[in-house]
Amino acid sequence: MITMKNSLLFIAVFTGSINVFAQQNIRLNQVGFYPSSEKIAVDVADTSGSFEVLDKNSSLVLKSKIAISTRPALSGKRTGILDFSVLKKPGTYTLKTASGQSYPFTISKDVYMNAGKAAIKAFYYQRASIELTSQYAGKWARKTGHPDNKVLIHSSAADAKRPEGTVVSASRGWYDAGDYNKYIVNSGITMGTLLSLYEDFPAYFKHLDLNIPESKNQLPDILDEVLWNLRWMLAMQDPNDGGVYHKLTNAKFDAMVMPDKSQAEPRYIVQKGTAATLDFAAVCAQAARILKNFDKELPGLSDSCLNASERAWLWAQSNRDVVYDQDKMNKTFQPPIVTGAYGDHSFSDEFNWAAAELYVTTKKQEYISAINLNADLSLPNWAQVNMLAVYSLLRAGAKVKPGVKEKFLQFASNLIKEADQTAYKTVMGQTARDFNWGSSSNAANQGIACINAFLISKDRKYLAYAQSNVDYLLGRNGTGYSYETGVGSKPVMHPHHRPSVADDIIEPIPGLLSGGPNPGMQDGVKVPSLIPDEAFIDDDRAYACNEIAINWNAPLVYLVNALQVLQKQIK
């Protein structure tokens with residue numbers, strides 16, 4: 001079916017096709033670079049000869065030799081490395097080789113300001129239970145969807161005090177991904193990442209204006225946005241026993257419609273679980289210590305968060321192995337729930353994270369004694385949150401767990417060890433294992449690990465490696481796409497995201513991070529290449545590589561904004 005949106009997109013792509021194809025060979029950060037940072041581009045067609053840097057008037061400002069990558073790409077081909085780090089003068093430039101000319105890029109001290117703000121503002125566009133007006137949402141304004149003030153206790157969540165069908169209110173919150181449901185487990189890592197960014201760089205956010213409805217109040221806008229989801233999370237705790245429900249959801253996914261057109265009624269609150277309860281405990285403990293600084297603006301909220309956290313911790317102590325197994329649940333309880341499962345079967349990491357946050361907030365020894373970080377460290381994801389415990393302990397300067405700092409720095413050192421040898425000279429992509437479902441978040445979380453390594457070691461090499469992964473996300477990669485919508489010359493245009501598909505606006509909502517290359521094709525949509533770092537298609541049907549999700553956007557927010565703060569220390 002040809003719609004007005006599709007026909008306009010065809011015209012836009014067709015008329016720009018000659019220019020686009022001419023610029024495909026040179027892969028670079030399509031936004032640009034800080035004056036002091038390393039500046040690398042990659043030519044996938046030319047590994048010899050020289051390259052030129054031209055200013056906006058097409059005048060030559062630099063000429064240098066192309067180097068050959070130490071190792072081939074995952075495709076088996078070597079790349080040409082264009083290093084123009086000596087160029088520090090602010091301005092707009094392009095690169096030129098025998099194989100073509102690059103997209104324009106900027107050198108500026110504020111080069112990531114807009115990309116960073118857009119990534120945070122994307123959460124505003126994910127808000128449930130509120131109308132997005134044109135004053136704040138621009139052309140992406142939309143009507144209220146999913147008020148969630150009358151949702152039902154699902155049979156799986158029922159007990160004597162809240163029997164099946166009990167009507168409760170749990171409004172606000174963020175839509176989780178391309179769908180319209182709200183999940184505590186995925187909110188956990190998302191909130192932890194955003195709260196950590198604020199804890200690490202509070203001064204930066206004091207006056208950062210995101211143009212959201214709360215921008216005129218006395219709170220930093222990033223905290224206002226976090227509060228929209230926090231208040232929903234608080235409503236997901238059972239007031240009777242402190243346990244936390246796994247999700248608020250339709251029984252099945254909505255069609256590709258705008259939120260206010262959803263026909264999914266009723267909405268359900270589904271089964272309590274150990275993972276959800278501990279993630280909730282961690283988030284509320286972290287929020288409590290941050291919000292304590294805003295008692296005048298938010299009287300009592302910090303205390304309420306800490307109380308909710310400690311009640312959740314006690315529930316988890318008595319319910320240490322309550323697994324959310326959706327398939328098993330559906331054999332017993334009705335109606336069947338077939339939306340995102342976020343099922344986890346191991347909770348040692350969630351206990352560690354909750355205990356770490358509660359310790360940092362309360363300084364009670366009972367929490368630090370509950371932490372066991374003997375397992376190998378790994379990048380955080382919704383099912384593995386040990387690293388969030390490590391970050392908070394390191395941030396607090398906690399010395400009660402000997403060896404944590406050294407163990408983390410060894411992890412970070414291993415992370416960057418062979419990055420300079422790769423075909424794209426990025427931390428991301430050293431192994432094909434980087435390219436799974438949500439691979440873009442791997443790149444962002446690798447960058448966060450590098451930034452944390454810098455914060456505790458003051459070794460500036462870690463910032464350069466963090467910068468390399470921003471370069472990856474914004475174009476220096478195997479596909480040539482900028483994976484952040486609305487950012488760069490060749491951004492993703494067709495993410496699997498219901499509002500962006502259904503709104504009849506050519507451009508998708510800006511600031512959203514596409515999942516990125518994934519050869520798994522779990523959605524059944526064929527990708528043009530099965531080479532791991534090229535296994536991507538900009539198609540809204542392709543949720544396995546082109547959906548968006550709050551837990552992917554949050555590390556993008558952290559990485560880009562942290563580098564904006566730390567830019568003068570990037571070498």
Side-chain angles (χ1 to χ4, degrees), residues 28-39 56 87-93 103-126 136-138 140 193-194 196-212 214-216 219-226 440 443-444 447-448 450-451 454-455 460 463-464 466-476 482-492 507-514 552-571:
L28 82 167
N29 183 327
Q30 296 163 25
V31 175
F33 307 89
Y34 295 116
S36 62
S37 69
E38 184 177 61
K39 301 170 185 70
K56 63 181 179 181
L87 181 61
K88 301 180 184 300
K89 183 179 179 181
T92 300
Y93 302 92
Y103 296 117
F105 62 90
T106 299
I107 296 177
S108 166
K109 65 181 179 63
D110 292 323
V111 72
Y112 292 159
M113 179 70 76
N114 289 336
K117 289 172 68 173
I120 309 173
K121 181 70 174 280
F123 286 90
Y124 167 72
Y125 291 109
Q126 288 293 100
Y136 307 107
W140 296 281
T193 303
L194 295 175
S196 293
L197 173 63
Y198 178 79
E199 277 199 289
D200 285 338
F201 309 106
Y204 177 72
F205 292 101
K206 188 173 182 180
H207 300 295
L208 191 70
D209 188 344
L210 300 176
N211 186 35
I212 58 176
E214 301 83 4
S215 288
K216 300 303 182 185
L219 267 67
D221 280 6
I222 191 172
L223 293 186
D224 281 315
E225 194 55 61
V226 163
S440 292
I448 292 175
C450 289
I451 287 171
F454 165 75
L455 292 175
R460 293 193 298 167
L463 293 183
Q467 170 73 55
S468 80
N469 272 20
V470 176
D471 292 349
Y472 166 86
L473 289 169
L474 300 182
R476 196 170 101 207
S482 167
Y483 294 122
E484 183 179 358
T485 59
V487 173
S489 298
K490 186 188 175 185
V492 167
E507 300 88 356
I509 286 170
L512 298 170
L513 183 65
S514 167
W552 302 341
N553 243 73
L556 174 68
V557 168
Y558 186 111
L559 177 58
V560 175
N561 285 282
L563 286 177
Q564 181 66 36
V565 177
L566 299 169
Q567 59 170 295
K568 291 182 179 179
Q569 301 183 66
I570 302 174
K571 64 176 182 179

Practice task
Decide side chain to side chain contact (heavy atoms under 4.5 Å, CB included) for I451 and Y558; before the verdict, give the C-alpha distance in whole Å, the side-chain angles of both, and the deciding distance to 0.1 Å.
Solution key: CA-CA 10 Å; I451 287 171; Y558 186 111; 4.0 Å; yes

Handout entry: G511 backbone acceptor or donor facing N553 side chain under 3.5 Å
Key = yes

Completion exercise
In this structure, CG of D224 is separated from CG of L210 (nearest 0.5 Å) by 9.0 Å

Practice task
Report yes if the side chains of D200 and V565 come closer than 4.5 Å at any heavy-atom pair, otherwise no.
Solution key: no

Problem - Close side-chain approach of L208 to I222, heavy-atom, < 4.5 Å - result: no

Problem - Under 3.5 Å donor-acceptor, K121 side chain and Y136 backbone - result: yes

Exercise for the section: Please lay out, stage by stage, how Y124 and N211 fare under the test side chain to side chain contact (heavy atoms under 4.5 Å, CB included). Expected result: CA-CA 10 Å; Y124 167 72; N211 186 35; over 6 Å; no

Completion exercise
Output for pair (L559 CG, T193 OG1), nearest 0.5 Å, gives 11.5 Å

Handout entry: Any donor-acceptor pair under 3.5 Å from Q30 side chain to K490 backbone
Key = yes

Exercise for the section: With side chain to side chain contact (heavy atoms under 4.5 Å, CB included) as the test, would you mind laying out the steps for V31 and M113 before giving the verdict? Expected result: CA-CA 10 Å; V31 175; M113 179 70 76; over 6 Å; no

Completion exercise
Closest heavy-atom pair, G486 versus P491, reported as atoms and distance to 0.1 Å, is N-CB, 3.9 Å

Handout entry: From CH2 (W140) to CD1 (I509), nearest 0.5 Å
Key = 8.0 Å

Handout entry: Donor-acceptor contact below 3.5 Å, side chain Q467 vs main chain L563
Key = no

Practice task
Specify the closest pair of heavy atoms between F123 and A554, including all atoms of both residues, with the distance to one decimal.
Solution key: CZ-N, 3.8 Å

Practice task
Tell me, with the steps shown, if F205 and I120 meet side chain to side chain contact (heavy atoms under 4.5 Å, CB included).
Solution key: CA-CA 11 Å; F205 292 101; I120 309 173; 3.9 Å; yes

Practice task
State, yes or no, whether a side-chain contact exists between V470 and L473 at a heavy-atom distance under 4.5 Å.
Solution key: no

Handout entry: Heavy-atom side-chain proximity of F201 to N561 below 4.5 angstrom
Key = no

Exercise for the section: Kindly say whether D209 contributes a backbone atom to a donor-acceptor pair with the side chain of K117 at under 3.5 angstrom? Expected result: yes

Exercise for the section: Determine the interplanar angle of the Y472 and Y483 rings, folded into 0 to 90°, and report it as parallel if under 30°, tilted if 30 to 60°, perpendicular if over 60°. Expected result: tilted

Handout entry: Check: D471 side chain, N29 main-chain N or O, donor-acceptor pair, under 3.5 Å
Key = no

Problem - Close side-chain approach of F105 and V111, heavy atoms under 4.5 Å - result: no

Exercise for the section: Report yes if some heavy atom in the side chain of S489 is under 4.5 Å from a heavy atom in the side chain of P104; otherwise report no. Expected result: yes

Practice task
Could you pull out the closest heavy-atom pair between A119 and L556, with the gap in Å?
Solution key: CB-CD2, 3.9 Å

Practice task
Answer whether the closest heavy-atom distance between the side chains of Y112 and Q567 falls below 4.5 Å.
Solution key: no

Exercise for the section: Using atom types as modelled and distance alone, determine if a side-chain donor or acceptor of S440 lies under 3.5 Å from a backbone N or O of S514. Expected result: yes

Problem - Any donor-acceptor N/O pair, W552 side chain to A444 backbone, under 3.5 Å - result: no

Fill in the blank from the handout: Heavy-atom nearest pair, L474 first then S482, reads CD2-OG, 3.6 Å

Exercise for the section: State, to 0.1 Å, how close I570 and S37 come at their nearest heavy-atom pair, and which atoms those are. Expected result: CG2-CB, 3.8 Å

Practice task
Give me the one residue out of K39, K88, Q564 that meets side chain to side chain donor-acceptor pair (under 3.5 Å) with Y34.
Solution key: Q564

